[in-house]
Amino acid sequence: TPAAYSSPSPLPPPGDNGSAGVVHPNGTVQRLPDIVIIGVRKGGTRALIEMLSLHSAVAAAQNEVHFFDWESHFQKGLPWYVRQMPYALPGQLTVEKTPAYFTAGKVPGRLHRVNPDAKLLLILRDPTERVLSDYTQVSYNRLLKHKRHRPIEEVLVKDGEVNLDYKALNRSLYHVHMQNWLRYFPLGSVHVVDGDALIRDPFPEVQRVERFLRLPPQIDASNFYFNRTKGFYCLRDRGRERCLHDSKGRAHPRVAPDILHKLYRFFHEPNRKFFELVGRTFDWN
Ligand SMILES: Nc1ncnc2c1ncn2[C@@H]1O[C@H](COP(=O)(O)OS(=O)(=O)O)[C@@H](OP(=O)(O)O)[C@H]1O
């Protein structure tokens, strides 16, 4: 009832997510997501949600919703969140992706209160590669706004050491953020997608996601084809071919080998901690 949302907290009391759906005359329903792609920023979240949308039992939100991490959105309350969701057919699972969720401290607790049974997809890349991708995106946006951007070496290193003040570096400390998620969600609720593998050969990774979500296997090898111009796999959906937007798959800056090695070394211990947390290793530098 609307009164429930006029309380100081934008969320109803725990266990009450009765707001959960808006049913439309055509039989579709907008409801809280069953699946949330929580990140990581630049991990391949767009590719993942597009690939998952190939499945007929998945309805995906088009835009990043930023409900749990942006206060201005969060204050609008659950009914607003639900209205950002796609129109799902009966039997379809709803999914949204907001890459910033993974590294935003308040998100796991908030999401857990709304849907403790949510299935979480986390797509990760080699942490160094992710930093370079993050840097590339930020400098590209600054360039568009005619703002100055600092050369990569200047942001990565300070007084000869890895610059811990650089925010993009923190976002690649996967164990720190994962620990925060595991305070609220059991490991079994999180499936980690190997973002580097998804770039090289998406189909097996997508099959693993299908299995985790207990979806009947439906996505097929023929849904993917390598586009040599783009240099990435693109999608074939009922005969129609499409690649991701040009903002996906940008060239990264060249970094001096000694700095690159410093970064690899820096991430070695955090990576080990992450592998321990999730009981699995990844092929990172
Ligand atoms: N098939 C396919 N086509 C194009 N791009 C692909 C694909 N699969 C994964 N990727 C990688 O996705 C990276 C962008 O990640 P995100 O979508 O998570 O970025 S964002 O956080 O939403 O901005 C993007 O990072 P960059 O290469 O650094 O641009 C891509 O490497």
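Please read all numbers here as calculations on a predicted model, not as lab measurements. Start at 1 and go down the list; that is how both ligands and their atoms are numbered.
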With distance as the sole test, does Arg46 use its side chain to make a donor-acceptor pair with the main-chain N or O of Lys248 at under 3.5 Å? no
Can you tell which of Arg250, Lys167, Arg171 makes a salt bridge (Lys or Arg N to Asp or Glu O under 4.0 Å) with Asp134? Arg171
Within a 6.0 Å radius of atom [atom1] on [X], are there more than 12 heavy atoms belonging to other residues, nucleotides or ligands?
| X | atom1 | result |
| --- | --- | --- |
| Tyr225 | OH | yes |
| His252 | NE2 | yes |
| Asp283 | CG | no |

What do we get for [X] next to ligand 1 when only non-hydrogen atoms under 4.0 Å count, side chain, backbone, both or neither?
| X | result |
| --- | --- |
| Arg125 | side chain |
| Glu50 | neither |
| Thr45 | both |

Element-labelled atoms of ligand 1 that are located less than 4.0 Å from some non-hydrogen atom of [X]:
| X | value |
| --- | --- |
| Gly249 | 24 (C), 26 (P), 27 (O), 29 (O), 30 (C) |
| Gln137 | 23 (O) |
| Ala47 | 7 (C), 8 (N), 9 (C) |
| Gly43 | 15 (O), 18 (O) |
| Glu64 | 22 (O) |
| Arg46 | 17 (O) |
| Pro99 | 21 (O), 22 (O) |
| Tyr233 | 1 (N), 2 (C), 3 (N) |

closest protein heavy atom to atom 23 (O) of ligand 1 is Lys42 NZ, 3.1 Å
Counting non-hydrogen protein atoms only, what is the nearest one to atom 12 (O) of ligand 1? Give residue, atom name and distance. Gly44 CA, 3.4 Å
Restricting to heavy atoms, the pick from Lys248, Lys97, His252, Arg41 nearest atom 19 (O) of ligand 1 would be Lys248
Can you tell which of Lys106, Glu96, His66 makes a side-chain hydrogen bond (donor to acceptor under 3.5 Å, both in side chains) with Tyr101? Glu96
Kindly confirm or rule out an N or O of Ile199 lying under 3.5 angstrom from an N or O of ligand 1. no
Counting both backbone and side chain atoms, is some N or O of Lys230 under 3.5 Å from an N or O of ligand 1? no
In plain terms, say whether [X] and [Y] are close enough for a salt bridge, that is, a side-chain N and a carboxylate O under 4.0 Å apart.
| X | Y | result |
| --- | --- | --- |
| Glu205 | Arg208 | yes |
| Lys119 | Asp34 | no |
| Lys262 | Glu161 | no |

Any Pro86 side-chain heavy atom under 4.5 Å of Thr94 side chain: yes
